[in-house]
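To keep things clear, I will list the structure first and then write my remarks on it.
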Amino acid sequence: MLSLITWSPLIGALIVLMLPKENKRAIQIVSFTAAGISLLASLWLIPQFDRSATTMQFVEKWAWIPSLNVTYFLGVDGLSFPLVLLTTFMSFIALIASLGIEKRMKEYFFWFLALEVGMLGVFMALDLVLFYVFWELTLVPMYFLIGVWGGPRKEFAAIKFFLYTLTGSVFMLLSILALYFRSVPHTFDMTVLMGSQMQSLFDPRFQILVFLGLYFGMAIKIPAFPFHTWLPLAHVEAPTPISVILAAVLLKMGVYGLLRISFGITPLGFHWFLPALVVIAVINIVYGALCALAQTDMKKMVAYSSVNHMGYCLLGIVGMTAAGMSGAVLQMINHGIISGALFLLVGVIYDRAHTRDMSAFGGLAVKLPVYAGIMFLTCFASLGLPGLSGFISEFLCFLGAFQAWKWAAAISVLGIIGTAAFFLRMMQKVFLGPVNEKWAALEDLTLREKVTLLPLVAVMVWFGVYPKWPLDLMNATVAHLLGK
Amino acid sequence: MRNLGLLTPELVLAGLALAVMLLDMVLPRSRSRWLTHFAWLSAAGVLALVVAGIGSPAAHGVGTLWVVDSFGQFFKMTVLLTATLCLLMSLDYKALPERHAGTFAALMLLSTAGLMFLISASDLLLVFVSLELVSISSFVLAGFERGNAKSNEGSMKYFLFGAFSSAILVYGVSLYYGATGTTRLIPGAAQTPMMILALVLLLLGFAFKASIAPMHFWVPDSYEGAPTPVTTFFSIAPKLATFCAIMRVFGTVFPAAEYDLQALFGLLAVLTMTIGNLTAFFQDDVKRLLAYSSIAQAGYLLIGVAVGTARGTEGVMMYSFIYVAMNIGAFAVAQAVGQSAGSYSLDSFDGLSQRSLGLALAMTFCLLSLAGIPPLAGFMGKLYIFSAAVESGRWWLAAFGLLNSVASAYFYFRLAHRMFFRAADKDAAPLRVGPFVYGGIAVAVVGVLLFGVHPEPLIAGVRASAPLLP
């Protein structure tokens with residue numbers, strides 16, 4: 001089943017490649033079918049997913065390269081399953097948003113589906129080589145998606161993103177190889193490497209070195225300060241659906257890797273690094289908020305808000321408590337939904353006005369009531385208004401961090417004020433105040449835009465009112481992770 | 001002359017090469033393409049002969065000046081495969097004069113035969129003679145486009161450097177003879193300074209053919225000037241055959257570790273990778289770019305040699321095989337595009353994806369594979385080589401190799417950038433890709449994808465053929 005979820009986009013991509021490029025309708029149908037199969041298959045797994053189990057579920061394991069003991073090993077637990085759902089869901093949403101793409105659409109859908117394969121694989125792979133292959137598989141499609149369909153500085157953004165991430169991942173590869181040769185018998189199997197028998201072979205110094213290599217790769221993806229500089233550029237230059245994917249899924253790969261691999265396999269290294277991670281989390285929160293506050297470009301502001309929100313995520317992790325950890329995982333999901341919606345919303349206004357400069361607008365709420373309503377709701381969810389999803393996860397993150405790192409939590413609370421400030425400032429400038437007559441002709445949301453946004457809004461409200469459902473998915477696994 | 005039968009494939013190939021020359025005199029000029037067909041069929045036939053001999057004890061053994069083992073047979077297969085594909089590519093290469101098709105084909109075959117002798121050589125006399133056979137045919141091949149000034153320049157440079165490095169090699173051989181009293185490669189020579197000097201000079205002689213760093217200066221010019229099928233051949237076959245010879249000499253007979261040469265190998269590897277990759281940044285000609293890339297690739301291979309373990313040897317073999325596929329693919333696309341545009345400048349690749357998405361994707365796959373991005377074959381090869389370095393504790397070599405891969409991604413992507421991001425020139429000449437070039441590209445892309453996704457058969461094959469005979 002997991003294989004079906006992972007590979008159906010690839011089959012779609014190959015079919016798209018064979019279709020003539022004039023046949024746009026067929027390309028769209030094939031892409032939607034492929035992503036739709038993934039989505040439905042992942043939804044179909046929800047009732048079968050055992051929420052109380054702490055082991056990997058739906059496991060598929062075959063020999064892949066027996067001479068190196070590399071296996072094709074897929075499986076999900078409470079940490080990865082919500083992220084798989086997030087990926088199939090957001091990919092489908094982004095695909096709907098991609099219907100507007102006219103330029104070279106055959107290539108676009110090919111790369112898009114290839115990207116989805118990579119993202120899904122990262123969250124399911126339980127073999128380090130397989131993980132690395134999927135991890136890298138996301139890079140090349142992303143390079144082309146930003147570079148061909150992006151904004152004015154797309155080419156620079158694309159190569160910067162590519163080289164930055166590639167540099168990080170080669171250090172990750174070194175760490176993976178080091179783990180392989182230290183384990184007896186040599187293995188790339190994550191579940192075995194996490195086991196106590198292997199752990200006894202990894203002395204603290206070794207774990208610290210391996211952790212640093214892994215962290216370098218993950219931190220760039222997260223992005224954790226000071227490796228965040230690729231992010232604003234890539235997010236701003238990418239076309240709207242790709243910004244959605246970048247923010248909603250790609251950033252989560254970093255945090256997921258940090259929890260699954262760094263914390264799972266090199267716990268001693270992770271604990272050694274904790275104090276630094278706390279500082280990085282605080283910097284991400286405060287610095288991200290301040291940067292966002294300084295932007296006049298709405299998309300850039302949303303991009304920096306990602307840096308800010310991934311800081312909350314890290315803060316939840318560093319507390320090393322069940323509440324904080326669950327909060328961090330939930331924050332990943334919520335940020336995926338919310339920032340995806342924000343990028344879509346910014347894309348809507350950019351498509352109409354061809355500018356994203358906040359000061360160019362004013363009083364839009366009068367002209368575009370539906371749009372403004374959804375934007376307000378999303379911003380409130382993002383800044384953590386109780387009743388919406390962002391509040392729950394941020395609260396849990398703080399709760400987790402406060403017990404261990406009181407000062408860090410205290411400073412980070414200031415970051416929340418910053419978060420609120422930049423969102424409110426944006427809302428005020430764009431939607432309130434005197435109406436700028438220049439934009440009198442703007443139209444409200446089209447049907448396609450509503451179709452993309454409403455499911456996201458529904459999830460924000462649902463998780464805000466009834467967070468038990470997503471939390472139940474992950475609680476057992478989180479407790480198990482920490483229990484070691 | 002015991003065991004001459006061991007060299008049957010080589011002798012058959014040399015005989016066929018002479019047959020091509022003779023046929024050239026008899027055949028009317030309008031039929032000269034037949035000779036090329038005959039030549040590639042000969043190379044393929046000899047390849048089949050070598051493949052048929054796998055595992056048969058009669059085909060392996062130690063001879064007077066030569067030794068035939070599965071390790072060497074593996075490299076002979078890569079060389080013959082390269083020769084076959086390059087001859088096929090040359091069928092669609094228009095700049096070759098028709099009336100010299102026979103000479104061209106015969107020289108390619110002779111050069112290949114020389115490489116096969118080199119792979120089997122266990123005596124420095126045979127090493128020298130076979131290297132000269134390769135070099136002299138290569139000098140002529142490099143300058144085959146007589147009307148093209150660059151071709152002449154490249155050939156001249158190649159010749160001068162070649163003569164120089166032959167002299168170094170012979171000097172090494174003479175010192176070796178002085179130290180041991182024989183030209184045969186026998187293990188266990190004392191570690192006298194003279195012996196070590198002899199080994200270093202031998203290494204430099206090999207380094208010329210394998211385009212290893214201090215001896216690489218001829219590469220870009222002669223690669224740029226030579227006819228593209230010849231460039232393709234140069235960038236693969238002599239390099240791999242020389243690596244086989246290097247590993248025979250410095251892997252088993254005189255283990256680098258025993259003669260304190262491992263640090264030297266490591267240094268050369270780092271130097272070769274770094275120079276190749278950093279210089280490739282500034283190239284505006286696809287053939288030059290690929291030339292520097294092939295220098296860098298030699299550096300990765302050298303990591304495997306520097307490590308010196310069984311895993312390192314296997315890594316080199318595996319990477320060599322994959323290297324054939326990815327380099328043939330890249331050069332074949334370059335030939336198709338360059339020939340249609342009349343120039344190999346990067347500009348001629350602008351907007352290739354809109355003119356032919358298939359060619360652009362094929363090129364991208366080969367380049368990504370050269371850069372070592374999964375899930376393509378190049379990644380598996382690099383994984384194997386770098387894992388050998390990590391296993392033996394030389395993680396710094398692996399780190400250099402990985403960082404170099406990142407750097408190389410930059411210039412490979414410059415090409416991808418041209419193909420996908422730029423708009424095509426409206427007045428560009430239409431793409432004319434011959435059926436044989438298409439065939440070569442197809443074989444290469446299938447190899448690059450297949451061994452990336454399913455490397456197990458290749459690894460198993462490499463492991464089975466890794467043992468060397470003394």
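Lettering follows sequence order; numbering is per chain, from 1. This structure is a prediction, so every number in the text was calculated from the model and none was measured.
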Using side-chain heavy atoms (C-beta onward) and a distance below 4.5 Å, is [X] in contact with [Y]?
| X | Y | value |
| --- | --- | --- |
| B:Leu397 | B:Val390 | no |
| B:Leu357 | B:Phe420 | yes |
| B:Pro374 | A:Leu137 | no |
| A:Thr240 | A:Ser243 | no |
| A:Phe171 | B:Leu402 | no |
| B:Ile322 | B:Val448 | no |

_Going by the rule side chain to side chain donor-acceptor pair (under 3.5 Å), which residues pair with A:Thr266 if we only count those two or more places apart in sequence or in a different chain?_
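A:Thr266 satisfies side chain to side chain donor-acceptor pair (under 3.5 Å) with no other residue.
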_Option that, when pairs with chain B are counted at under 4.5 Å, heavy atom only, ranks first among A:Val129, A:Leu173, A:Leu17, A:Leu68_ =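 Max contact count across the listed options: A:Leu68.
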If I measure from the heavy atoms of chain B, does [X] come under 4.5 Å with its side chain, its backbone, both, or neither?
| X | answer |
| --- | --- |
| A:Ile65 | both |
| A:Val70 | neither |
| A:Leu139 | neither |

*Considering only heavy atoms and a distance below 4.5 Å, find which of B:Ala398, B:Pro455, B:Gly372 pairs most often with chain A.*
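Most pairs with chain A among the choices: B:Pro455.
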*For residues A:Phe227 and A:Phe216, establish whether the separation of their ring centroids is below 6.0 Å.*
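Ring centres of A:Phe216 and A:Phe227 closer than 6.0 Å.
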*Using non-hydrogen atoms only, which part of B:Ala399 is less than 4.5 Å away from chain A: side chain, backbone, both, or neither?*
both
So between chain A and chain B, what donor-acceptor pairs come in under 3.5 Å?
unit_1, atom_1, unit_2, atom_2, d
A:Trp64, NE1, B:Val453, O, 2.6
A:Ser67, N, B:Glu456, OE1, 3.3
A:Ser67, O, B:Arg463, NH1, 3.3
A:Ser67, O, B:Arg463, NH2, 3.3
A:Ser67, OG, B:Glu456, OE1, 2.9
A:Ser67, OG, B:Glu456, OE2, 3.0
A:Arg104, NH1, B:Phe420, O, 2.8
A:Arg104, NH2, B:Ser353, OG, 2.8
A:Arg104, NH2, B:Phe420, O, 2.8
A:Glu155, OE1, B:His417, NE2, 3.4

*Are any side-chain N or O atoms of A:Glu60 and backbone N or O atoms of A:Leu74, one a donor and one an acceptor, separated by less than 3.5 Å?*
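It does not hold such a pair.
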